[in-house]
Amino acid sequence: PRLRFAPSHTGYLHVGGARTALFNWLYAKHTGGTFILRIEDTDHARSTEAHTQVVLDGLQWLGLDWDEGPYFQGAEIARHRADVERLLAAGKGYRCFCTKEELEAQRKGSPGGGDGFKYDRRCWRLPPEQVAERVARGMPFVIRFLMPDEEIAWDDAVHGRITFHGRDLDDFVILRSDRTPIYNLAVVSDDIAMTITHVLRGDDHISNTPKQIALYRALGVAIPVFAHVPMILGTDGKKLSKRHGATAVGDYQNQGILPGAMRNFLALLGWSPGEDREILSEAGMIELFSLDSIQKKAAVFDVAKLEWMNGQYLSAMTAVELSGPLERELARMGVDTSGRALAPIVEGVKSRARTVLQLAERVAVRLDPSRGTLDDKADALIKKMGAGFAAGLEVALASLRQAGVDEWNPDGILARLKEAADAASLKIGDVMQPIRVALTGTTVSEPVNELLAVVGREPSLRQLERFVRRAPTA
RNA sequence: GGCCCCAUCGUCUAACGGUUAGGACACCACUCUUUCAAGGUGGUAACACGGGUUCGAUUCCCGUUGGGGCUACCA
């Protein structure tokens with residue numbers, strides 16, 4: 001099989017597009033087929049190289065490598081025109097001299113007031129000599145496709161049989177007056193030229209499919225397998241768009257989502273491997289993927305589940321595997337990591353983080369506790385403990401000052417603190433929690449003794465002292 | 001308006017005529033723990049509605065309702 005992903009270069013890779021690309025890629029990998037990338041840039045006004053690059057970067061980030069391309073639709077205009085000429089010569093297309101203004105007037109005058117307007121074929125009825133005369137006169141024209149009055153149906157690989165009728169379809173334009181091709185014509189021409197066997201695309205193309213099938217028939221070419229995958233919706237059930245927040249894969253990359261997690265999550269949106277599987281390896285996905293287990297229903301994009309999944313990937317990865325994305329994020333935050341061993345810190349915090357951003361923030365605080373800021377829960381705890389907070393901190397500090405460098409390890413610190421708490425008749429938690437808050441600004445962290453060990457003796461003591469001066473004593 | 005698609009917990013989904021309708025996220029308890037958003041255990045929560053077909057429908061058919069898509073010299 002030969003598959004293609006054909007995004008238009010809108011300047012960003014929409015998660016819906018990414019999911020479509022993923023399904024194409026999975027099917028190609030599963031069947032040993034070829035995955036082709038083609039950029040639809042016939043709308044040259046919007047076309048820029050930078051926009052194309054964003055799409056390429058997004059696919060690469062997700063690990064979706066293509067076997068051929070990227071091809072550019074805009075480079076094939078000569079072939080598109082040749083196909084249009086063939087249709088014209090065979091009487092399956094015709095010249096239309098109606099101007100945009102005339103069309104607009106016709107639209108306004110039609111029953112529906114414009115929506116659902118179908119061209120009335122007045123130019124098709126023009127006598128040949130009049131057409132020749134207008135062409136000779138240099139009158140501008142578009143070429144329309146003569147929609148046959150017949151049933152157009154196909155067996156969709158995800159929906160089953162879908163049936164349209166030519167009488168409901170318009171004689172749509174296939175070549176603009178500037179002799180550039182229109183989308184539907186270009187797609188069919190390209191898919192034929194590239195011998196595409198499976199067209200896997202979004203649901204929103206279902207209504208384009210009968211037009212394209214009519215074109216295949218007129219060109220005398222057998223149609224490929226069509227598979228229309230469901231759309232991705234926002235939480236309000238509407239087509240996912242920018243007003244829902246992050247919709248581009250680049251947005252999620254910036255928010256600290258790992259590519260593996262994103263791919264896994266996207267795969268499960270509209271497809272199910274069965275047997276309650278959730279976390280899937282790349283090989284597992286490829287092996288299990290099939291067109292007939294694709295959902296017909298649109299799916300809502302649930303960021304909470306994406307983040308959960310990202311957390312799963314995060315805690316399953318080793319500190320070494322995480323070092324790339326982590327250091328990139330730390331650099332972006334302006335944190336100096338030179339000469340510091342990050343691995344031990346990462347081990348302590350990765351299972352509690354859901355995004356690389358959170359991971360980086362926590363690592364940064366352990367590198368330099370003074371950058372921590374109090375969150376609401378920590379603030380509430382301080383208030384709740386009242387004088388006990390400062391008392392616990394004093395006890396901790398006094399005891400930790402006694403601990404030498406040779407003792408500054410998780411076991412040594414724990415022994416110290418236990419002893420000190422006992423001596424002061426405090427519960428161990430009344431000593432530990434204040435330390436945690438002072439060092440991280442939060443109520444959440446790895447065990448406090450490990451936290452102290454990883455932060456180091458001097459930085460820990462310095463931060464605790466700073467905090468004692470600040471903490472309320474009454 | 002016309003054409004088309006869709007319909008299981010709040011969300012992602014399993015079920016391919018017979019199940020106490022299963023899992024995951026989220027949520028709520030409990031548990032482990034010096035804390036926790038981590039781990040563990042448990043819980044609340046769904047077959048849109050009405051007709052058929054059938055011994056039997058979440059499952060097949062029709063309709064209703066509801067949602068969505070398309071309807072450009074955009075892609």
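Every value quoted in this text rests on a predicted model; they were computed, and no experiment measured them. Letters go in sequence order (proteins before strands), and every chain restarts at 1.
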Per-nucleotide protein contact along nucleotides 33-38 of chain B, 5' to 3', at a 4.0 Å heavy-atom cut-off (B base, S sugar-phosphate only, - neither), is -BBBBS
Using nucleotides 20-23 of chain B, report all nitrogen or oxygen pairs with the protein that are shorter than 3.5 Å.
unit_1: rG22(B); atom_1: N2; unit_2: Asp276(A); atom_2: OD1; d: 3.2
unit_1: rG23(B); atom_1: O4'; unit_2: Asp276(A); atom_2: OD2; d: 3.4
unit_1: rG23(B); atom_1: N2; unit_2: Glu278(A); atom_2: OE2; d: 3.2

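Ser177(A) comes within 4.0 angstrom of a base, heavy atoms only. Among the heavy atoms of the strands lying under 4.0 Å from Lys100(A) is at least one base atom, whether or not backbone atoms are also near. Residue contacts shown for Tyr183(A) include a base, since a base heavy atom lies under 4.0 Å away. Counting any heavy atom pair closer than 4.0 Å across all strands shown, Asn208(A) reaches a base atom.
Taking each heavy atom of Ala218(A) and Leu87(A) in turn, the nearest pair found is CB-CD2, 3.5 Å.
Between Phe226(A) and His228(A), the two ring planes are parallel [angle under 30°; tilted spans 30° to 60°].
Heavy-atom nearest nucleotides on RNA chain B were determined for His159(A) and for Val173(A), and the one closer to the 5' end corresponds to His159(A).
Sorted by first and then second residue, the side-chain hydrogen bond (donor to acceptor under 3.5 Å, both in side chains) pairs with a member in residues 343-360 of chain A form an empty list; sequence neighbours excluded.
The main-chain N or O of Leu326(A) is never found under 3.5 Å from a side-chain atom of Glu329(A) such that the two would form a donor-acceptor pair.
Side chain Asp302(A) to base rA26(B): no donor-acceptor pair is found below 3.5 Å.
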